[in-house]
Amino acid sequence: MILLDGKKTSNEIKEEIAKKVVELKSQGKKAPHLAAVIVGENGASLTYVNAKVKACEKVGFDSTLVSLPIDVSEADLLSKIDELNNDDNIDGFIVQLPLPDHIDEHKVTLAVNPMKDVDGFHPENLGRMMLGLPCFLPATPAGILELLDRYDIETSGKSCVVIGRSHIVGSPMSVLMARNTKVGNCTVTLTHSRTQNLEQITREADIIIVALGKAEFLTADMVKEGVVIVDVGITRVADDSKKSGFKLLGDVKFEEVAAKSSYITPVPGGVGPMTIASLMLNTLQAIDMK
Ligand code: GUN
C-alpha cells in the first residue's frame, strides 16, 4: 500500500508556485492576490479559510480575508461580491460554503465574475469544463487529478466509482475522470443516496472517490484487492484525548481499507491540502486570464 501524501505533494506544488511568484516580481509584476469571504464563525469553515490565507502567505501571494457576520443580508453579501469583482487589485476570490440558510447559494455563485471564480463554481466555468475548454476547475476535484497525476496512477480504461453527487466535488469529479485527458478516460459510475446495491458496484471498482461526508462509511468488504482510494470526507468527531476536543475522520474506514488498497489518501493530509494547492494554482491562472 502506498500513501497518497497530499501534504507532501501540496508542499511541492507550493514551492513551485513560490518560485513563479518570485519570477513575476522580478519582472516588475505584482504578486497574485486571493480574497476569501467567510460568513459567520462555523469552526470548520474558519479552519479551512485560515488555512487558505496561510497558504497564500507561504507562496508569496497577497491575501484578503473578508469576514461578515452570520446575519449579514443577502444584498450586503452580493454588494461585497460586486466590490471584489470590480477591484483590480484582487485576481481571484472565493466565498466559503456553506452559507447560512437565509442566503441563496446559487445567487451568490452566479454573482462572482467567472474570470475571478478561482473555486470554479460559476456555471460558465462548469459549462466550459464540460466542453473541455480552458476554465477554472473546482479546487477539490482538480487537486485529486493533480495527486493521481503526480503519483503516476494509471486511470485510462479503469473503472472509477464516485460516491456522492455534490456540485462541488462528486458531480464535477465524475465528469473529469471520464474526460479524454491524461488523468481520465475512466468508465465512471456516479453513485448517491438512492443507489441500490452500492457494495456490488464498489467491489468492481479500480478507483473509488468517496465524497459523502459520512465518517468511516466505506469498509473493507466493499472494495477489491488493489483498489485506489481517494477519501474526500472530513468529519469532526468528539475526542477528549485531543487538545481541540475532536478528531478528524474520513469517509473511509482507513486501517482495514488501506490493507486492501494499492494507493490510499489519509485524512487529514490527503485531499484537503491538495484543495488548497489547486486554489493557489487557479489564482496563478487568474493572472494569465487577465
Ligand atoms: N466548502 C467546502 N469545500 C469548499 C470549497 O472548495 N470552496 C468553498 N468556497 N467552500 C467550500
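Just follow the structure's listing: the first ligand is 1, and inside any ligand the first atom is 1.
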Polar proximity ligand 1 side, T275 side, N/O cut 3.5 Å exclusive: no
Over 12 non-hydrogen atoms of neighbours within 6.0 angstrom of CD in E255: no
Flag, side chain of T265 to backbone of D231, donor-acceptor distance under 3.5 Å: yes
Over 12 non-hydrogen atoms of neighbours within 6.0 angstrom of NZ in K224: yes
Proximity to ligand 1 by part of K52, non-hydrogen separation under 4.0 Å: side chain
Identity and separation of the nearest protein heavy atom to atom 6 (O) of ligand 1: D119 OD1, 3.8 Å
R150 and E146 ion-paired at < 4.0 Å: yes
Taking atom 10 (N) of ligand 1 as the reference point, the nearest protein heavy atom with its distance: L97 N, 2.9 Å
Heavy atom of the protein closest to atom 11 (C) of ligand 1 (residue, atom name, distance): Q96 NE2, 3.3 Å
Under-4.0 Å heavy-atom contact with ligand 1, by part of F121 that carries it: side chain
Test: K54 and E57 ion pair at under 4.0 Å: no
Min N/O separation I168 to ligand 1 under 3.5 Å: no
Lys/Arg N to Asp/Glu carboxylate O, K30 vs D91, below 4.0 Å: yes
